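Chain naming here is simple, since letters A, B, ... match the order of the sequence lines and numbering starts at 1 in each. From a predicted model like this one, the values you see are computed outputs, not experimental measurements.
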Amino acid sequence: MSLKVYNSYSRQKEEFVPITPGHVGMYVCGPTVSGESHLGHARPYITFDVLFRYLTYKGYKVRYVRNITDAGHFEEEGREAEDKVGKKALLEKLEPMELVQKYTNLFHWAFKQFNCLEPSIEPTATGHIVEQINMIKKIIEEGYAYEVNGSVYFDVKKYAAGHDYGKLSGRIIDDLLSTTRELDGQEEKRDTADFALWKSAAPEHIMRWSSPWGEGFPGWHIECSAMATKYLGAEFDIHGGGMDLQFPHHESEIAQSTICNHTSPVKYWMHNNMITINGKKMGKSYNNVIKLTELFSGDHPLLTQAFSPMTVRFFILQSHYRHPLDFSSEALVASEKAFKRLWEAYEVLQKLRLPETGEGQIDEALESRVLNWLSEFEEFMDDDLSSPKVIANMFELAPVINSLKDGLIPTGALAASTIRLMQEKFHTFLEDIFGLHSENSANNNMLKGVMQLLIDIRKEAKNKKDFATSDKIRNQLTEIGILLKDEKDGGMSWNVN
RNA sequence: GGUCCUUUGGCCGAGUGGCUAGGCAAAGCUCUGCAAAAGCUUGUACAGCGGUUCGAAUCCGCUAGGGACCUCCA
């Protein structure tokens with residue numbers, strides 16, 4: 001079966017065929033480490049983490065490059081040539097690189113909580129100034145950039161004459177060129193649609209590098225072009241990022257790389273949609289940001305409780321990555337419960353007793369439904385990563401699993417091979433591909449031993465119909481957050497809430 | 001203003017022409033010493049109006065609401 005992905009560039013689903021058979025080059029726009037990551041950032045990195053995992057599952061050798069933007073861009077291009085990172089550093093009285101390090105560490109910490117795999121290469125913008133300068137030089141040589149007062153701009157009009165600037169983001173070039181917006185500093189540009197490749201640094205500017213055009217710093221878009229070219233080549237398979245980066249960032253990236261490398265850089269452009277809050281995009285300018293640390297601690301006016309990383313990951317996977325996802329505490333609570341129920345069914349499944357040969361009669365109808373649900377896992381993922389549908393099927397299977405365990409469905413109703421397949425598929429999709437894991441923090445042997453002791457005492461009490469003792473044990477455990485459940489067969493299980 | 005997207009049951013959220021998505025919540029039942037968990041059953045939703053069609057949540061048009069991008073943004 002073959003994977004189909006939605007290509008933003010062609011605006012349709014296309015069969016995924018890598019440029020080099022067996023290998024995939026994937027670039028994802030990483031974070032700007034001038035501040036703390038928020039819930040909105042979780043979506044692209046989890047989405048593309050799943051894609052990375054899925055491609056790997058499909059047997060591809062994937063080189064996953066995700067940059068760290070630590071050089072900072074303009075707060076408002078053309079208006080105040082302010083380096084975002086530099087400015088905040090002054091306020092916090094930190095060295096710029098100290099600030100960058102702090103937020104990079106925090107970013108890494110948060111996404112480790114989310115169980116995101118580390119990219120193959122995580123290049124930084126500041127570490128690739130030379131590559132960026134070389135690329136700009138090349139673009140000037142090609143005649144598509146010009147220097148003014150120590151800054152270098154990309155000539156969009158000239159580019160658009162021979163290329164389809166605006167195709168990715170659905171812009172009409174004439175509209176872009178005729179924009180009448182008045183911005184200070186625009187007079188340097190030949191055209192308002194032009195964008196900076198290199199900016200001359202004002203004296204107070206902290207982050208600065210020498211270049212053939214004087215002291216300055218790179219434009220925002222050039223870093224991705226330079227680093228993607230360096231590590232993935234002039235032409236690579238997948239470029240991912242948030243929808244809000246389509247224009248101008250990715251559009252400009254295409255233009256720069258195309259001129260520099262004489263080929264269109266990316267085969268498949270993939271964009272995730274936004275996380276909204278009350279219908280509005282989560283973003284600094286809207287003042288509706290929930291930082292990841294706040295999410296994990298529950299310390300935010302919009303949160304009724306803390307939410308674990310796995311709950312958030314599951315929440316994100318329950319919707320399709322190209323659709324907007326509206327956040328609310330209620331929605332997260334629902335996902336938390338759903339995830340818990342699914343995970344418990346998964347754990348039950350892994351411990352399910354396999355039927356002996358000839359034990360009971362196979363329920364053909366059930367068997368074929370189960371096999372169908374299982375085979376759809378991959379089918380759905382192949383269809384542009386339809387994780388919500390896979391999860392829906394898992395929930396169809398959960399009652400089957402629980403009923404097998406409780407004896408409501410006889411053990412022999414499903415063939416041993418079917419149950420084994422179910423175990424395998426759940427493991428593969430839930431853990432390897434979706435990247436989910438147990439949140440049961442009680443995985444230490446000492447607690448297990450203590451719990452076994454309590455369970456034994458409670459069983460004895462129950463056998464003696466000493467319900468006062470048995471209830472005391474259960475109730476007090478409940479109070480400290482351990483849930484004890486009586487099983488149908490007289491056994492007991494427990495989990496930490 | 002320009003370009004594009006979207007509007008599904010109490011809530012979240014799949015779904016692009018005909019077949020029950022799913023989750024959470026709610027109600028009833030079964031199991032249980034009681035409870036929890038689990039299982040079973042129940043909802044007949046697709047913004048409004050009109051059109052195409054044998055048939056539309058799904059295609060087209062209009063109206064209304066929401067949103068994204070056009071500026072740093074995941």
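Between Ser386(A) and Arg171(A), the residue anchored nearer the 5' end of RNA chain B, judged by the nucleotide with its closest heavy atom, is Ser386(A). Residue whose closest nucleotide on RNA chain B sits further toward the 5' end, between Leu408(A) and Ala331(A): Ala331(A).
Counting only N and O atoms by type, the side chains of Thr69(A) and Asn67(A) include a donor and acceptor under 3.5 Å apart. Judged purely by distance below 3.5 Å, without hydrogens or angles, the side chains of Gln246(A) and His271(A) pair a donor atom with an acceptor atom. Neither side chain, Ser8(A) nor Arg322(A), offers a donor N or O lying under 3.5 Å from an acceptor on the other.
For the C1' atoms, the distance from C59(B) to C54(B) is 16 Å, rounded to whole Å. The same atom, P, is picked in C46(B) and in U8(B); the two are 10 Å apart, to the nearest Å.
Contact annotation for Ala392(A): base contact, defined as any heavy-atom pair under 4.0 Å involving a base atom. When heavy atoms are screened at a 4.0 angstrom cut-off, Tyr286(A) is found touching the sugar-phosphate backbone but no base atom. The residue Glu396(A) sits close only to the backbone: its heavy atoms come under 4.0 Å of sugar-phosphate atoms, none of a base. Among the protein residues, Met243(A) comes within range of no part of the nucleic acid, since none of its heavy atoms lies under 4.0 Å from any strand. At a threshold of 4.0 angstrom between heavy atoms, the contacts of His38(A) include nucleobase atoms, whether or not backbone atoms are also involved. Residue-level contact check: Lys462(A) touches the bases, meaning some heavy atom is under 4.0 Å from a base atom. As judged by a 4.0 angstrom heavy-atom cut-off over every strand, His323(A) is placed among residues touching the sugar-phosphate backbone only.
By the 5.5 angstrom centroid cut-off and the 30-degree plane limit, Phe395(A) is classified as not stacked against the base of G23(B).
Dashed line: the shortest gap from a side-chain N or O of Lys485(A) to OP1 or OP2 of A35(B) is not under 4.0 Å. The phosphate of A74(B) has neither OP1 nor OP2 within less than 4.0 Å of any side-chain N or O from Asn272(A). Between Thr32(A) and A74(B) there is a side-chain N or O to OP1 or OP2 distance below 4.0 Å. OP1 and OP2 of A68(B) both lie 4.0 Å or more from every side-chain N or O belonging to Lys281(A).
Here the side chain of Lys389(A) is nearest to one of G22(B), A74(B), A14(B), namely A14(B). Residue Phe467(A) places its side chain closer to G33(B) than to any other of C70(B), A74(B), G33(B). Residue His320(A) has its side chain nearest to G15(B) when only G15(B), A21(B), G33(B) are considered. Closest to the side chain of Asp486(A), out of A74(B), C34(B), A25(B), is C34(B).
Glu487(A) and Lys405(A) are joined by a salt bridge, as a carboxylate oxygen and a charged side-chain nitrogen come within less than 4.0 angstrom of each other. Using a 4.0 Å cut-off between charged side-chain N and carboxylate O, Asp486(A) and Arg458(A) make a salt bridge.
For Asp244(A) and C70(B), a side-chain-to-base donor-acceptor distance below 3.5 Å is absent, hydrogens and geometry of angles not being considered. Taking only distance into account, the side chain of Asp471(A) meets the base of G33(B) through a donor-acceptor pair shorter than 3.5 Å. You won't find any donor-acceptor pair under 3.5 Å spanning the side chain of Arg341(A) and the base of C24(B), going by distance alone.
Across all strands shown, the partner of C59(B) is G51(B), judged by Watson-Crick or G-U wobble contacts whose two distances both fall under 3.5 Å. Base pairing analysis places C11(B) opposite G23(B); the two distances defining the Watson-Crick or G-U wobble pair are each below 3.5 Å.
Side-chain atoms of Gln132(A) come within 3.5 Å of backbone atoms of His128(A) as a donor-acceptor pair (strictly under, hydrogens ignored).
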